Amino acid sequence: MAKRKRASGKKLGHDPFKDMDLDWMEEEEPAVEMAAEKAEASAITSEPAPTAVPVTAVASPPRPEATFHFPADFKWGVATAAHQVEGDNINNDWWAWEQEEGHIKDGGQSKRACNWWENAEADFDRAAKLGLNAMRLSVEWSRIEPRPGEFDDAALARYSEMLQGLRARAIEPMVTLHHFTNPLWLVDEGGWENPETVDRFTRYARRVVEALGQHCDLWCTINEPNVYGFLGYVDGTWPPGQPDQKTAMLVIRHMLLAHAAAYWEIHDVQPDARIGLAHNMRILDPADPGSRLDRRAAKVADRVFNQAILTALTKGRWTLPLGFGLAWKLRGTLDWIGLNYYTRDLVAFDRTQKESLYTRRLHARDAELLDGDYGEFYPHGIFRCLKRLDRLGLPIYVTENGIPDDDGDQRPRYLLTHLHEMWHAVQLCYPVMGYYHWTLVDNFEWAEGWSLRFGLYSLSLKNKSRKPRQSAQLYADLIHANAITPQIIDAYAPQLRAELLPG
Ligand code: FCB
C-alpha cells in the first residue's frame with residue numbers, strides 16, 4: 001500500500017476549521033429524508049430490534065448542528081480473536097490454563113465460545129447487516145500447525161472459507177496471526193522465551209499467507225506484545241503465570257523479532273501485502289501533575305508500556321526496559337501501525353512498589369469508571385494516542401476500541417465520544433484509515449472469563465443466541481451516514497449534545 005504522503009508545508013496539529021465561517025452549514029436537513037434514511041438503516045435483523053429513539057420523534061428547535069464526516073474510503077469494522085470466538089481450541093495454552101482452578105474469574109471457560117469454528121458465517125451476516133466493510137479476525141496457530149512442521153490443510157481450508165465468506169459480504173478481512181494463544185507443543189519447547197520461536201512463527205506465517213493470501217492482503221502479525229508480556233510474565237495472571245520481569249522483556253523482544261522476520265517472509269510470498277502490528281496503548285498521566293515524582297513515575301510507566309515497543313519497531317533501537325543497543329532488524333517492518341485503545345490510568349510514585357518500578361495506578365477522583373474496574377471512561381485518550389502515532393509517518397488503523405458494558409448504559413456514549421475524538425484526528429490529517437470496534441458479539445474475555453461483555457450483540461451462554469444492544473443500531477447508523485450527525489447524537493445520547501455540538 002502506498003504510504004500516505006503529507007502535503008509539503010502542511011502544518012499538522014493545526015485545526016483547519018478553527019477560524020472558518022461555518023454558519024452556512026447550519027441549515028437543517030429535511031426531516032423526511034432523514035426519516036427515510038433511518039428506516040433503511042434500521043432493518044438490522046429479524047432479531048429483537050434495539051431500542052433506538054425514532055429520529056422523527058426528536059423535537060428540533062433551532063439548535064447547533066454539525067455533521068462530523070469521515071473519509072469516503074474509511075474502513076468501519078469490528079475486531080475479534082480466534083480463541084475468544086471459535087470454541088474448542090483444545091490444543092493451545094489458554095485452553096489448558098482455563099482447566100486449572102483459580103485462573104479464570106467465576107471459573108469460566110471458553111468451551112464452545114461463540115461457535116465460530118462451525119458457524120462464523122451467522123455473525124458475518126450480522127456484521128453485513130450493520131453495514132460493516134471491514135473485520136479483524138485471527139487465525140489459531142494450534143489448529144493450523146497441530147504438530148511442529150505439520151500443517152492442517154482442513155483447518156486452512158476452513159479459514160479460507162471464512163475469508164471468502166467475508167469477501168462475499170463486501171467485508172475486507174484483516175487477519176491477525178498471533179492473538180495471545182500458543183500451540184501446546186510450542187509451549188513445551190519454551191514458548192516465546194525460546195529464541196527459536198522466531199523462526200517457528202515465521203514458518204507458520206509463511207504457510208498461512210501462502211494458503212490464504214488469495215483472499216487477504218491485510219495482515220497483523222502479532223497482537224499486543226506488551227499486554228502478552230506483562231500479564232503472562234509480570235502480573236502472572238495469564239499463562240504461563242510465571243512472574244519474572246527479565247523474562248517478560250525477553251519474550252517481548254522475541255515477539256518483535258518474530259514480527260520483523262514474518263514481515264519480510266510475508267512480503268516475499270505476497271509483495272503487495274500490507275503488514276502491521278496491533279499495539280495496546282494506555283494513557284498514563286501523573287496522579288498529581290504538580291508532583292515531580294508522580295510526573296517521573298508516569299513517564300517511566302509510559303516508556304515501559306507504550307514507547308519502548310514503538311521505538312524498537314520504528315527506530316530500530318532497544319530502549320529500557322527492553323534492553324540497550326541496536327535492533328536494526330526491526331526497522332522498516334511496519335506498513336501500518338494498529339492502535340488498541342481502551343482507557344487511561346493515573347500513575348503515582350510509591351516507594352513501596354519495587355515490583356512495579358515504584359509506581360502505583362489509580363483513577364481520577366471524578367472519573368467515570370468502566371465496568372469490572374476496567375479503567376476510566378476517557379475518550380480524549382484515543383486522540384492523544386493517534387497524535388502520538390501520527391509522528392511515525394505510517395497509516396494508522398484503530399485495531400481495537402471498546403467497552404465492557406453488559407447493560408449497555410455507557411456504550412453509546414463511549415462509541416460516540418471516541419469516534420468524535422477520532423474524527424478530530426482525521427481532520428488534522430492524521431492518517432487514520434479505519435476503526436475496528438471491539439467487538440461484534442460478547443466473547444470469552446481471557447482471565448475475566450464471561451464476566452466482561454464487550455459486544456455490540458449480547459450472547460446467551462445457555463443457547464448461544466445473540467441480541468443486538470442499542471449500540472449495534474447506533475454503529476449501523478454511524479456507518480450508514482459515514483458521519484456523526486446531530487440526529488444520531490439526539491437519538492442515542494442526547495446528553496452529549498452540549499459537549500459535541502457546543503454551538
Ligand atoms: C484487548 C485484547 C482483546 C480483548 C480486548 C478487550 O487487549 O487484544 O483480545 O481482550 O482487550
Side-chain angles (χ1 to χ4, degrees), residues 77-87 89 92-95 97-98 103-105 108-110 113-114 116 135-141 174-182 220-232 234-235 237-239 252 255 259 276-284 305-306 309 337-345 369-378 381-382 385 397-406 410-411 414-415 418 435-459 469 471:
V78 285
T80 67
H83 189 72
Q84 294 177 272
V85 293
E86 283 179 0
N89 273 324
N92 73 30
D93 51 352
W94 263 94
W95 185 275
W97 185 253
E98 291 160 30
H103 284 163
I104 312 293
K105 192 159 179 187
Q109 292 179 341
S110 59
C114 305
W116 267 37
M135 183 181 285
R136 174 172 175 236
L137 69 170
S138 77
V139 289
E140 172 61 32
W141 191 351
M174 171 193 284
V175 171
T176 306
L177 296 169
H178 187 276
H179 198 123
F180 297 151
T181 55
N182 301 299
C220 172
T221 53
I222 299 185
N223 183 67
E224 300 183 347
N226 53 355
V227 171
Y228 181 89
F230 281 95
L231 293 182
V234 177
D235 199 52
T237 50
W238 283 19
I252 296 175
M255 287 186 134
H259 155 81
L277 172 144
H279 183 45
N280 185 301
M281 292 181 81
R282 260 178 121 86
I283 297 289
L284 298 163
F305 193 76
N306 295 320
I309 286 179
I337 182 74
L339 167 66
N340 292 1
Y341 172 76
Y342 288 88
T343 183
R344 101 163 156 177
D345 292 325
L369 298 182
L370 308 180
D371 284 3
D373 199 19
Y374 202 73
E376 289 185 15
F377 187 114
Y378 184 64
I382 195 169
C385 292
Y397 287 98
V398 176
T399 34
E400 286 181 30
N401 171 242
I403 173 173
D405 182 22
D406 196 11
Q410 290 174 302
R411 189 174 288 100
Y414 187 95
L415 195 49
H418 285 71
Y435 172 87
Y436 298 79
H437 188 74
W438 186 277
T439 186
L440 185 65
V441 176
D442 290 343
N443 58 36
F444 180 71
E445 182 49 35
W446 310 112
E448 302 298 328
W450 295 95
S451 69
L452 295 186
R453 302 300 190 107
F454 281 84
L456 295 172
Y457 284 77
S458 67
L459 175 82
R469 294 195 169 94
S471 299

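The structure presented is a predicted model; accordingly, all values stated were derived computationally and were not measured. Note that ligands are numbered from 1 as they come in the structure, with each ligand's atoms numbered from 1 the same way.
- Of the polar atoms of W446, at least one N or O is found under 3.5 Å from an N or O of ligand 1, judged by distance alone.
- Using a 30° and 60° split on the angle between ring planes, W94 and H83 fall in the tilted class, from 30° to 60°.
- The residues E445 and K105 are annotated as not salt-bridged, no charged nitrogen and carboxylate oxygen being separated by less than 4.0 angstrom.
- Near N223, the atoms of ligand 1 lying under 4.0 angstrom from a non-hydrogen atom of the residue are 8 (O).
- Residue N280 has at least one heavy-atom neighbour below 4.0 Å for each of these atoms of ligand 1: 7 (O).
- Atoms of ligand 1 lying under 4.0 Å from at least one heavy atom of F180, given by number and element, are 2 (C), 8 (O), 9 (O).
- Which parts of ligand 1 touch Y374 is read off a 4.0 Å heavy-atom cut-off, strictly below it: atoms 6 (C), 11 (O).
- Taking every heavy atom of E445 and a limit of under 4.0 angstrom, the matching atoms of ligand 1 come to 4 (C), 6 (C), 10 (O).
- Ion pairing between a basic and an acidic side chain is recognised when a charged N comes within 4.0 Å of a carboxylate O; R453 and D406 show no such pairing.
- Close approach of ligand 1 to Q84 is summarised as follows: ligand atoms under 4.0 Å from at least one heavy atom of the residue are 3 (C), 4 (C), 9 (O), 10 (O).
- If you number the atoms of ligand 1 from 1 as listed, the ones under 4.0 Å from a heavy atom of H179 come out as 2 (C), 3 (C), 8 (O), 9 (O).
- Scanning all protein heavy atoms for the shortest distance to atom 2 (C) of ligand 1 gives E400 OE1, 3.3 Å.
- Nearest non-hydrogen protein atom to atom 7 (O) of ligand 1 is E224 OE1, 2.7 Å.
- Residue-ligand proximity, F454 to ligand 1, at heavy-atom distances under 4.0 Å covers atoms 6 (C).
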Derivation and outcome, side chain to side chain contact (heavy atoms under 4.5 Å, CB included), residues H418 and Y341: CA-CA 10 Å; H418 285 71; Y341 172 76; 3.7 Å; yes

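- Counting only heavy atoms of the protein, atom 5 (C) of ligand 1 lies nearest to Y342 OH, 3.2 Å.
- Taking a cutoff of 4.0 Å between a charged side-chain nitrogen and a carboxylate oxygen, D371 and R411 do not qualify as a salt bridge.
- Between W446 and H179, the ring planes are parallel. Angles under 30° get that label, and only those over 60° would be called perpendicular.
- Aromatic rings from W438 and Y342 are positioned such that their centres are separated by 6.0 Å or more.
- Under a 3.5 Å cut-off, the side chain of Y228 and the backbone N or O of N223 do not form any donor-acceptor pair.
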